[in-house]
Enquirer: 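This is the structure I have questions about; it appears just below.
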Amino acid sequence: MTDNYLQTLNDSQREAVLALDQPLLIFAGAGSGKTRVLTHKIAYILAEGLYPPSAILAMTFTNKAANEMRERIGHLLPHIDIRWMQVGTFHSIAARLLRREISLLGYSGNFTIYDEDDARRLLNNVVDELQLNTKQFPARMLKGVISKYKNTLQKPQDVTESVSTYHDEKIARIYAAYQDALRRNNAVDFDDLLLLPLDLFQNHPERLRIYQDQWRYVLVDEYQDTNRPQFQFVQALAQTHQNICVVGDDDQSIYAWRGADIRNILDFENTFPNAHVVKLEQNYRSTRNILEAAHAVVVNNADRAEKKLWTANDEGDPILVLECFDERHEAQRILRRLQKIRSNKSLSWRDFVMLYRTNAQSRALEDELRRQGIAYRIVGGTKFYERKEVRDILAYLRLLLNPNDEVSLERVLNFPTRGIGKTTLERLREAAHHGGIGMFEQLIQVTALPVGPRQKNALAVFHKEISRFRKMVDSQPPDDLVEELLQSFQIREHYEQLGDIEGQERLANIQELVASVAEYREHNPESGLREFLEEVSLLTDIDNWNASADAVALMTLHSAKGLEFPVVFITGLEEGLMPLRGGFDDRADLDEERRLFYVGVTRAEKQVILSYAVTRRRYGALPQPMMVSSFVRELPEHLVEHKALQVTAKTSGDQKATFDSIAKSRSGEEAVLQQGDKVEHAMFGIGQIVRMEGSGERARVTIKFSGNVSRKFIAKHAKLKKL
DNA sequence: CTTAAATACTTTTTT
DNA sequence: AGTATTTAAG
């Protein structure tokens, strides 16, 4: 049986599966069968009885990847019980570990996991309490800075020692106070989830030894996206037995902005000196054209490990490039093309994906899909569990489990409105912190609070009701508990009273939440509310995506990592959007954008269609003229079929009008042009001025573009960019 | 304290 | 453009 499935692997894949006595680094190019190797490797270990399932620890970045891996291993080994095999995201594995161990670090096991929004609320409170201005220290910025500190393993003390400016000193103060507040709330943020296990290992080596003994073989997927804490976590677990296997591709590293450290992959051999390296370079996914195109772009990056994918697949179709007038036109053109391919190649809706750089770009595509009545599934955007009404209910539930969670307490204290306003809340917080107790505890003694009798009563009633529910948490099934909670706090009534469509929608969402709790209970009869909340807070965008539904998929390029589709559309390929210009033009940033583009292209099996719009509207502003992305220009001409925009009578009146008005509005500060200058035209791309006629308002230029195309423009209206 | 109106802010990607 | 938060009126 073992031989059977090893035969389906190619030589390097087999080598990667069988290499077990040294640390192993697998360079796995896009579509080279990385997941296959990981699952077969684990299956091999288990089938040969080298280690039991409980000794396997496999870490991924999304729950979807983890579930798939578990499922595929189960499929390979139908007779082995793999329930005790640990496969999960870094964050969920760390959370599970902390539930058991965190009391050693001064938290309690019922800690709450704070997401971005919770953390920001807490930061605002902290800044308030330090009597600083939340405008001068916006939570968003603070969270980013603190995250960076945490990702580089800098504690508040380290930061405090190294600050120089007033601003930095304050931030260090806030960081320290934030960390204290988290502890007071018995809460951890996403970064802590990875950092606290490191503290545990350092301060309690005997605990580390237990996990080293338990997890005898450690595997890491998407290793190029690990950050420093994740690396140390893995290293700590594997350092004694050195049984570690990591799989990654530096060309697909797209999370440096979140602290992913590409050195983790490039330095693997330094950390594990006798590491074995296997490269998987045969691609099974894409056509030759797609692979060649992707390669032609990514070779422009500095600092990449030298490798080149190859494939035995057909040459396939050329890369189509659609030039569009604006985002609406882009959506129309994409759908026309999609329909055409679908009927020509008899594909299903699910065979198509539309990718974009930013979530906001989905709107135009969605509008057109809806207009044409085509089923689509969108990944990301406003997530279900981030809706206000859903979060409010979750806040109640979190408070039941962890009464120290003041972010949740403050969220529900006056929801639905019960006459407890800002002042009352402030007084309550003051009294509690002054007395060195939690706000929830303070609710027991409301008589001493300097607030009105109505407020006192409301607070007391609230406290009594929450306390009643707290006693029920462990005995009641979670879905019943939620239902009773909705009743008791009259939450449905609150939305019914609104009597508008929005209220109806929110009611429906609450119903969906109840259903999802019930569904969770059904699938996990042994788990309770705590486990449900943990799962919910560690969900990733892609986890909710059902690939089997027959619908066109829409998602960001980031979400698409690890997926594959017969036909891939990459939209919005304009300079400034893809690559996205963010602040400074750092070389490393541009390279990461290029890798993102590479990830997008290599998702495709059969065909890649790129599109860009000549004008695009960005958040309510007037449409801006856009230039085609430099990445598109890096594609070799022989692989590309360019479908240019026809500026003829076909172009509708209002499109022309808009374009003219943009040209006019932009013509104010025109650079002085002269013959021989290289210029860029929004619609035609780069060209050279071959002739100039007239001057001032009536100056005309003749420009020769690539492909020996010449055009004549009125300089004032042509919106030319001098290069 | 609550509701309605005004204004600020967003859009980079996410565990 | 749309949402969220802040401010003013009730």
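The structure displayed is predicted, hence computed values, not measured ones. Chain identifiers are assigned alphabetically (A, B, ...) following the order of the sequence lines, protein sequences preceding nucleic acid strands; residue numbering begins at 1 within each chain.
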Enquirer: Specify the separation, in whole Å, of atom CG of L577(A) and atom P of dT13(B).
Expert: 11 Å
Enquirer: I542(A) has an atom CD1; how far is it from atom P of dT15(B), in whole Å?
Expert: 9 Å
Enquirer: I need the NZ-C1' distance between K150(A) and dT15(B), as an integer number of Å.
Expert: 13 Å
Enquirer: Strictly below 4.0 Å: does S559(A) bring a side-chain N or O up to OP1 or OP2 of dT13(B)?
Expert: no
Enquirer: Mind checking if L557(A) touches a base, just sugar-phosphate, or nothing, with heavy atoms under 4.0 Å?
Expert: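 No contact at all - L557(A) keeps every heavy atom at 4.0 Å or more from the nucleic acid.
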Enquirer: Taking only the side-chain heavy atoms of T358(A) (C-beta and beyond), determine which of dT12(B), dT15(B), dA1(C) contains the nearest atom.
Expert: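 Side chain of T358(A) sits closest to dT12(B).
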Enquirer: Is the side chain of H558(A) donor-acceptor paired with the backbone N or O of I254(A) at a distance under 3.5 Å, no angle test?
Expert: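 Looks like yes, one N/O pair under 3.5 Å.
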Enquirer: Charged N to carboxylate O below 4.0 Å: is that the case for R371(A) and D367(A)?
Expert: no
Enquirer: For the pair made of CD in E386(A) and P in dT3(C), what is the distance, rounded to whole Å?
Expert: 15 Å
Enquirer: Report yes if at least one side-chain N or O of T424(A) is closer than 4.0 Å to OP1 or OP2 of dC1(B); otherwise report no.
Expert: yes
Enquirer: Whether N63(A) contacts dT15(B) is assessed here as follows: a side-chain N or O lying under 4.0 Å from the phosphate OP1 or OP2. Is that the case?
Expert: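 No, no such contact exists.
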Enquirer: With sugar-phosphate meaning primed atoms plus P, OP1 and OP2, does F90(A) contact a base, only sugar-phosphate, or nothing at under 4.0 Å between heavy atoms?
Expert: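 It contacts nothing in the nucleic acid.
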Enquirer: Could you give the CD-to-P distance, from Q361(A) to dT10(B), as a whole number of Å?
Expert: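 Going from CD in Q361(A) over to P in dT10(B) covers 18 Å.
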Enquirer: Just how far, in rounded Å, is C1' of dT14(B) from CD1 of I254(A)?
Expert: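 Computing the I254(A):CD1 to dT14(B):C1' distance gives 10 Å.
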Enquirer: Roughly how many Å is it from CH2 in W545(A) to C1' in dT14(B), rounded to a whole number?
Expert: 18 Å
Enquirer: Does the pair D261(A)/R263(A) count as a salt bridge with the N-to-O cut at 4.0 Å?
Expert: yes
Enquirer: Does T556(A) make a side-chain N or O approach to OP1 or OP2 of dT14(B) shorter than 4.0 Å?
Expert: yes
Enquirer: Considering heavy-atom distances to DNA chain B, does R140(A) or D543(A) have its closest nucleotide positioned more toward the 5' end?
Expert: R140(A)
Enquirer: Report the distance from atom CZ of R121(A) to atom P of dA4(C), rounded to the nearest whole Å.
Expert: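 Going from CZ in R121(A) over to P in dA4(C) covers 11 Å.
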Enquirer: Return the nearest nucleotide to the side chain of T417(A); candidates are dT2(B), dT14(B), dG2(C).
Expert: dT2(B)
Enquirer: Compare the ring of W257(A) with the six-membered ring in the base of dT13(B) and state whether they stack (centres under 5.5 Å, planes under 30°).
Expert: yes
Enquirer: Respond yes when some side-chain nitrogen or oxygen of T423(A) is under 4.0 Å from OP1 or OP2 of dC1(B), and no when none is.
Expert: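 The answer is yes; a side-chain N or O of T423(A) sits under 4.0 Å from OP1 or OP2.
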Enquirer: Might you work through the side chain to side chain donor-acceptor pair (under 3.5 Å) test for R96(A) and Q86(A), ending with a clear yes or no?
Expert: CA-CA 11 Å; R96(A) 226 169 299 157; Q86(A) 287 270 354; 3.1 Å; yes
Enquirer: Assign R363(A) to base, sugar-phosphate, or nothing according to its heavy-atom contacts below 4.0 angstrom with the strands shown.
Expert: sugar-phosphate
Enquirer: Are N414(A) and dC1(B) close enough that a side-chain N or O sits under 4.0 Å from OP1 or OP2?
Expert: no
Enquirer: D225(A) pairs by side-chain hydrogen bond (donor to acceptor under 3.5 Å, both in side chains) with which of Q252(A), K561(A), Q230(A)?
Expert: K561(A)
Enquirer: Say we look at dT5(C) and dT12(B): how far apart would their C1' atoms be, to the nearest angstrom?
Expert: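 That atom pair is separated by 23 Å.
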Enquirer: On DNA chain B, nearest-nucleotide positions of K422(A) versus D541(A): which is more 5'?
Expert: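 That would be K422(A).
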Enquirer: Which listed nucleotide (dT12(B), dG2(C), dC1(B)) is nearest to the side chain of Q455(A)?
Expert: dC1(B)
Enquirer: Checking side-chain contact (heavy atoms from CB on, under 4.5 Å) against V87(A), which of M69(A), E71(A), M59(A), E68(A) comes through?
Expert: M69(A)
Enquirer: Is any side-chain nitrogen or oxygen of T540(A) closer than 4.0 Å to OP1 or OP2 of dT15(B)?
Expert: yes
